[in-house]
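Shown next, in structure tokens, is the structure this report addresses.
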Amino acid sequence: MTGAALTWRMTLAQAAMELRLTARRPENVLVTLVVPPVLLVFFSAIEVLPTGTARPVDFLLPGALALAVIATGFVNLGIATAYERAHGVLKRLGGTPLPRGGLLAAKMAAVGVVEAAGAVILLAVASGPLGWAPGPMADPAVTAIALVLGTVAFASLALAMAGALRAEATLALANGVFLLFLVLGGIVLPIDHLPAPLEGLAGLLPAAALSEALRIGLGAATGSAVGPLALLAAWGAGASLVAARTFRWE
């Protein structure tokens with residue numbers, strides 16, 4: 001067996017282990033697979049959106065998808081990686097034949113699988129009980145690109161945080177930023193209905209860019225997706241650079 005093939009098999013095995021570890025943590029399952037659909041149903045049932053919004057689910061589903069990406073790629077990955085580093089797990093993995101690039105690829109693959117499961121659940125809830133259907137201008141390519149760029153951006157932020165801070169600090173910061181993104185990310189309320197200073201801040205955040213790109217991709221909003229996708233790409237590139245420079249394995 002060639003070296004590349006062996007590395008590929010080890011990466012897949014590690015990705016499967018990452019998925020098993022995620023499934024064994026009830027809090028991870030709650031945040032990544034339960035909270036987004038619960039919030040989708042809850043906010044669809046109450047008068048939270050501005051008057052004139054035709055169907056709340058059209059606005060809320062893209063936001064719920066964005067929230068699922070943030071929960072999985074940022075909160076779950078960041079906290080789990082921080083505690084693995086604190087407990088010496090990453091140091092021990094660094095001594096195995098699996099290269100560090102393979103370990104990061106395995107973590108990203110596990111994130112992608114959990115996100116896909118979360119998206120399936122959200123789409124089932126939205127299209128079933130809530131009667132959602134894609135808009136006439138829906139663009140699956142924009143939706144897919146937004147999900148990929150969003151995953152890269154938030155996973156890179158998670159690794160930058162987990163590789164530079166203590167586990168306890170990462171836990172507190174990840175949960176605090178999660179709430180910040182929930183409020184300012186255009187997830188349950190349009191950012192143009194926020195106070196002016198907060199609207200300007202929200203427009204610079206990756207959460208708002210991901211929500212907007214997904215709304216365009218799913219046909220719930222008009223306009224060009226170039227701006228929000230470019231902002232997501234910039235966040236991903238910047239966070240990846242920071243993570244590469246500051247991440248400590250022990």
Side-chain angles (χ1 to χ4, degrees), residues 30-76 114-135 137-140 142-151 153-154 157 174-195 198-199 201-223 225 227-229 231-232 235:
L30 177 67
V31 171
T32 58
L33 299 180
V34 178
V35 169
V38 168
L39 290 179
L40 173 63
V41 173
F42 175 76
F43 285 112
S44 295
I46 63 175
E47 298 294 333
V48 66
L49 294 177
T51 302
T53 302
R55 294 193 309 168
V57 68
D58 291 336
F59 178 87
L60 293 169
L61 175 60
L65 286 169
L67 189 67
V69 171
I70 296 168
T72 306
F74 180 71
V75 179
N76 182 30
V114 175
E115 285 182 0
V120 169
I121 294 172
L122 282 167
L123 290 172
V125 170
S127 60
L130 300 179
W132 173 84
M137 300 298 291
D139 189 336
V142 170
T143 302
I145 293 171
L147 290 172
V148 171
L149 290 178
T151 298
F154 287 106
L157 286 170
N175 286 308
V177 173
F178 179 75
L179 293 176
L180 176 70
F181 286 153
L182 177 61
V183 175
L184 300 182
I187 291 172
V188 297
L189 186 69
I191 64 172
D192 58 7
H193 286 70
L194 295 170
L198 292 180
E199 180 184 352
L201 172 62
L204 299 175
L205 297 177
L210 177 57
S211 298
E212 181 63 18
L214 288 173
R215 286 193 181 95
I216 295 171
L218 293 173
T222 58
L229 291 178
L231 182 58
L232 275 178
W235 271 97

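- In this structure, Ile216 and Pro228 approach most closely via the heavy-atom pair CD1-CG, 4.5 Å.
- Two residues are said to be in side-chain contact when any heavy atoms from C-beta on lie closer than 4.5 Å; Leu229 and Leu149 meet this criterion.
- Note that the CG atom of Leu39 and the CZ atom of Phe43 stand 5.5 Å from one another [nearest 0.5 Å].
- Leu218 is listed as a side-chain neighbour of Thr143, based on a closest heavy-atom distance under 4.5 Å.
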Should Leu205 and Ile191 be marked as a side chain to side chain contact (heavy atoms under 4.5 Å, CB included) after you check the CA-CA gap, both sets of side-chain angles, and the distance that decides it?
-> CA-CA 11 Å; Leu205 297 177; Ile191 64 172; over 6 Å; no
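- Nearest heavy-atom pair, Ala124 versus Pro129, reported as atom, atom and distance to 0.1 Å: O-CD, 3.8 Å.
- For the pair Phe59 and Pro190, the tightest heavy-atom approach, listed with the atom from each and the gap, is CZ-N, 3.4 Å.
- The two atoms that bring Asp58 and Ala133 nearest to each other are OD1-O, 4.3 Å, heavy atoms only.
- Between Pro36 and Ala64, the closest heavy-atom pair is CB-O, 3.9 Å.
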Taking it one step at a time, do Leu189 and Leu194 satisfy side chain to side chain contact (heavy atoms under 4.5 Å, CB included)?
-> CA-CA 8 Å; Leu189 186 69; Leu194 295 170; 4.2 Å; yes
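- The CG atom of Leu232 sits 11.0 Å away from atom CD1 of Ile145, with the distance rounded to the nearest 0.5 Å.
- Screening residues 115-127 for side chain to side chain donor-acceptor pair (under 3.5 Å) gives Glu115-Thr151 as the qualifying pairs, with residues at least two apart or on separate chains.
- Using a 4.5 Å heavy-atom threshold, the side chains of Ile70 and Ile187 count as touching.
- Taken to the nearest 0.5 Å, the CG atom of Leu65 stands 11.0 Å off from the CG atom of Leu60.
- Remark: side-chain polar atoms of Ser211 are paired, donor with acceptor, to backbone N or O of Gly185 under 3.5 angstrom.
- Test Leu67, Leu123, Leu122 against Pro37 for side chain to side chain contact (heavy atoms under 4.5 Å, CB included) and you get one pass: Leu122.
- The distance from the CZ atom of Arg215 to the CG atom of Leu210 is 9.5 Å, given to the nearest 0.5 Å.
- Among all heavy-atom pairs drawn from Gly203 and Leu231, the shortest one is O-CD2, 3.4 Å.
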Go through Leu61 and Leu214 one step at a time and tell me if the side chain to side chain contact (heavy atoms under 4.5 Å, CB included) criterion holds.
-> CA-CA 9 Å; Leu61 175 60; Leu214 288 173; over 6 Å; no
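- Judged as a ring-ring contact (aromatic ring centres under 6.0 Å, His included), and not counting sequence neighbours, the contacts of Phe181 are Phe154.
- Annotation: side chain to side chain contact (heavy atoms under 4.5 Å, CB included) contacts of Val120 (sequence neighbours excluded): none.
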